[in-house]
Amino acid sequence: MIGKVIVDVPTNQTDRLFDYIIPEVYQETVVPGIRVVVPFGPRKVQGFVVALSETSEYELHKLKPIEELVDVTPPLTGELLTLAEWLKEKSLSFYIAVLKVMLPAAMRAKYKKELWINGEEQLPQLPHTIASIFTDTKTPVDWDDLQKNGNEIQRKEIAKAVKEKILLVKPVVGTQETKKKRVIVEPVLSKEELEIRKLELSKGAKKQQELIHFFIENRDPIPVTEIIEKLKTSRSTIQTLVQKGILQQGEIEVRRDPYEGRVFTPSESLPLTDEQGVVLQTILKSLQSGKHETFLLRGVTGSGKTEVYLQAIEKALSLGKEAIVLVPEISLTPQMVTRFKERFGSEVAVLHSALSKGEKYDEWRRIREKEVKVAVGARSAIFAPFENLGMIIIDEEHETSYKQEESPRYHARDVAIERGKYYQCPVILGSATPSLESFARAKKGVYHLVTMEKRVNDVKMPEVTITDMREELRDGNRSMFSNVLLDAMKLRLERNEQIVLFLNRRGYSTFIMCRDCGYVAECPHCDISLTYHRANQSLQCHYCGHMETIPTRCPGCEGDSIRFFGSGTQKVEEELVKVLPDVRVIRMDVDTTRKKGSHEKLLDKFGRGEGDVLLGTQMIAKGLDFPNITLVGVLAADSMLHLPDFRSAERTFQLLTQVSGRAGRHEKTGEVIVQTYTPEHYSIQDVQQHDFVSFFQKEMMIRKQRGYPPYYFLALIHVSDVELTNVVDVTEKIAKFLRTRLSETTMIFGPVASSIPRIKDRYRYQCMIKYKVEPKLTETLEEIIKTYQGEMARSGLSIVIDTNPYMML
Ligand SMILES: Nc1ncnc2c1ncn2[C@@H]1O[C@H](COP(=O)(O)OP(=O)(O)OP(=O)(O)O)[C@@H](O)[C@H]1O
Ligand SMILES: [Zn+2]
Ligand SMILES: [Zn+2]
């Protein structure tokens, strides 16, 4: 038998199937989807068997055999292998990149080298400086360890010994998979024998007697830590009995549980509101029909979308099926996880970025081994290896984090729909502010639109006030809080109600500038200004990590008028305590949430009422559901509006709607105050009216006029290199090539410099393609890659193609 293998070598030349002979011993076990170790040139690499074949187009004696199996059962299912083929085409990625993205990081290959003594007879030949390292011919020594820990003489002697063939270097391929083990102890002897041994002990040996007594009653293996705790006994007592041959120790694998120690109170389905009921019935009809359909659920903030998801999943599970739920940056919405754990208990696996590698691996295995039926997670959870999916849900479907911005550049929504088609199951895209693309598709009938216009229990939408900060300035208010906002905050403090203060951080950072000459500190490697970091009094580049100290004098004019500009959350907090001295602020930003679990702690604290104001950036805009929040203040609504990105108005509207949605979700009515310098902008006006449809219509007109999605599709080609002339040259050639190849109606823009023209000393140019129908796109783009693959392998040139760009930088 021949195994068709994709090797773990991500280059254009190796992006194809390689044939390997499956040795006799592995005939039964090698199946598609399994990982293997194969010789590849002088090396050994990991690979995925994607198909089996009786024949090969190569001569059999030229083929090498598969060397090792990494897995017993294949981690990738047949469906995921099919999906991989589709995804690699769609995203123009390497096959191997697509296969790897479907598995948890712990399963990636780890390449090491081992040193072995080349036979018994070489032992005496070893120079004395390294003789102590190599004890016998059976124990290899890790090359990397030696390079790190050995001294220079040792390293030299080893190199020499390798050259003289006294030592052999052997490449090995491992993985980073580790299993959590627990030491257990259990009785070796029968009950009766234990009784006898207990009597034989001297009177003073109380502890040993107790321990034996325990095992007379309990015959099952028990973790050592547990029994120490239970009997207040010690490790040495256990050891003594082990030495006497009464007990024995062993190891068992335990699954890491990221939610260990947390208690989730089981919850029951709520009686649905009329709107919820209609939506659920529509979805269930589709589920029962066994045909795929994509739903777009537009439900205003607080309309109870989550309850609909929960009940839809419940139905899928009752039909013996499984479900995937995607939520954005799940670590940021602990409330959401809790709601799923409370409803589905141990049936839920959670996959998100805040888990450790090992925890993620274990959660993934619980899915693969069919211990759970629901996966809740961030983007990559869309690849959860279920084999009988009945429901896929993407909450906050407009979120850009569903698009992966590195290879393979996929959008989870596309993957969800592809899997939905395979399993013929419903896919639900939910949001209060759907993306323009999705809503347009729903209006055309490609998706099935379902709507919830009312909040649960007829709670009113919060009243939104827009304050013009230019006017505040004219009236002499130079603070960051308008008078309206300040008054509203005072009122909440009096009433013991809670406030959310939102600072839009994107495109808005603290930088330093000279007031006299206008000098702005910029990164020497990137064309972008440096960000002021207060904690360690430094300036840092957010693109390459370059760091420098803050100049005391202006490097431009030698003057001493260097000032900090912009306003981070810390600064807001300082200002806030100045104007409201007794206010208790809980600040949530990258600095205060770096530690694992801190996010959740801060939210819990706020939930218990131990703070008046929750102050934060993007991470507090979504998913929060606290009854006592009656005021939401947005400090700089328009800071995102001016980014060089055609979606900036859409993002502004979405973010403002989401954050406004935090106010007055339960009995108490809410109020929102939006501070802005462009109050007339429609993305801000429509937030005031809670009018998604109106915003949608205006924005669609603009997209139509300017030829942007959803009216046109985009593809973006990024070219970068250290040599500016080469970048310009290559981009020009690419543009020309595109113009000769693609159809007349397709528009090609470029070459132009990217909006950040240089990052890490690499110049960046781009070329944009806008098209409606372009049958030759994929082959043309592939041809470009082929043309330059040699140059890319040799020099620093990089060409990256994004067929569905979200980041216009
Ligand atoms: N049928 C119901 N009866 C009573 N309470 C409900 C019902 N459905 C949902 N709720 C409650 O209403 C609140 C808002 O629901 P939920 O958080 O699901 O809204 P949402 O649509 O997801 O809003 P957002 O988009 O703002 O996150 C929650 O506290 C939820 O428990
Ligand atoms: Zn930089
Ligand atoms: Zn200056």
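What's counted below: heavy atoms across the whole structure, side chains too, no hydrogens, waters or symmetry copies. Start at 1 and go down the list; that is how both ligands and their atoms are numbered.
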side-chain hydrogen bond (donor to acceptor under 3.5 Å, both in side chains) partner of [X], the single match among [options]:
X      : options                        : answer
Thr630 : Glu671, Glu497, Gln498, Lys668 : Glu497
Ser720 : Gln766, Arg764, Arg762         : Arg762
Ser435 : Glu397, Arg441, His398         : Glu397

inquiry  = I want to check a possible cation-pi pair here: Arg662 against Phe626, using under 6.0 Å from ring centre and within 45° of the ring axis as the test.
reply    = no

query = Are any of the N or O atoms of Arg665 closer than 3.5 Å to those of ligand 1?
reply =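 Among all N and O atoms of Arg665, at least one is under 3.5 Å from an N or O of ligand 1.
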
ask   = For Glu307 and ligand 1, does the shortest N/O to N/O distance drop below 3.5 Å?
value =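 Among all N and O atoms of Glu307, none is under 3.5 Å from an N or O of ligand 1.
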
Record the part of [X] in heavy-atom contact with ligand 1 below 4.0 Å; permitted values are side chain, backbone, both and neither.
X      : value
Gln276 : side chain
Leu270 : side chain
Arg339 : side chain
Gln658 : neither
Ser431 : neither

task = Report the C-alpha separation of Asp802 and Lys403 in whole Å, then their side-chain angles, then the decisive distance to 0.1 Å, and conclude whether the salt bridge (Lys or Arg N to Asp or Glu O under 4.0 Å) test is met.
result = CA-CA 11 Å; Asp802 195 334; Lys403 165 77 191 298; 2.8 Å; yes

message = If I take every N, O or S atom of His546, is at least one of them less than 2.8 Å from the Zn ion (ligand 2)?
response =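 Not a single backbone or side-chain N, O or S atom of His546 is under 2.8 Å from the Zn ion (ligand 2).
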
Val374 versus Val325, closest heavy-atom pair with distance =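 So the minimum-distance heavy-atom pair works out to CG1-CG2, 4.5 Å.
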
key: Test item: side-chain donor near acceptor, Glu314 and Ser269, under 3.5 Å   = yes

contact_flag [X] ligand 1 heavy-atom lt 4.0 Å:
X      : answer
Met452 : no
Gly661 : no
Pro271 : yes

ask   = Which of the atoms of ligand 1 are close to Leu272, meaning less than 4.0 Å from one of its heavy atoms?
value = 1 (N)

remark   = In ligand 1, the atoms that come under 4.0 Å of a heavy atom of Asp625 are 13 (C), 28 (C), 29 (O)

request  = Just do the salt bridge (Lys or Arg N to Asp or Glu O under 4.0 Å) check on Glu453 and Arg298 with the steps written out, would you?
outcome  = CA-CA 8 Å; Glu453 293 281 10; Arg298 183 175 74 80; 2.9 Å; yes

request  = Show your working on side chain to side chain contact (heavy atoms under 4.5 Å, CB included) between Arg665 and Thr301 and close with a plain yes or no.
outcome  = CA-CA 8 Å; Arg665 290 163 73 86; Thr301 56; 4.1 Å; yes

query = Out of Gly304, Ser303, Ser660, Gly302, who gets a non-hydrogen atom closest to atom 24 (P) of ligand 1?
reply = Gly302

Residue selection (non-hydrogen contact nearest atom 9 (C) of ligand 1) among Val456, Leu297, Asp274 = Val456

query = What is the distance from atom CG of Leu615 to atom CG of Leu635, rounded to the nearest 0.5 Å?
reply =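 Reported to 0.5 Å precision, the distance equals 7.5 Å.
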
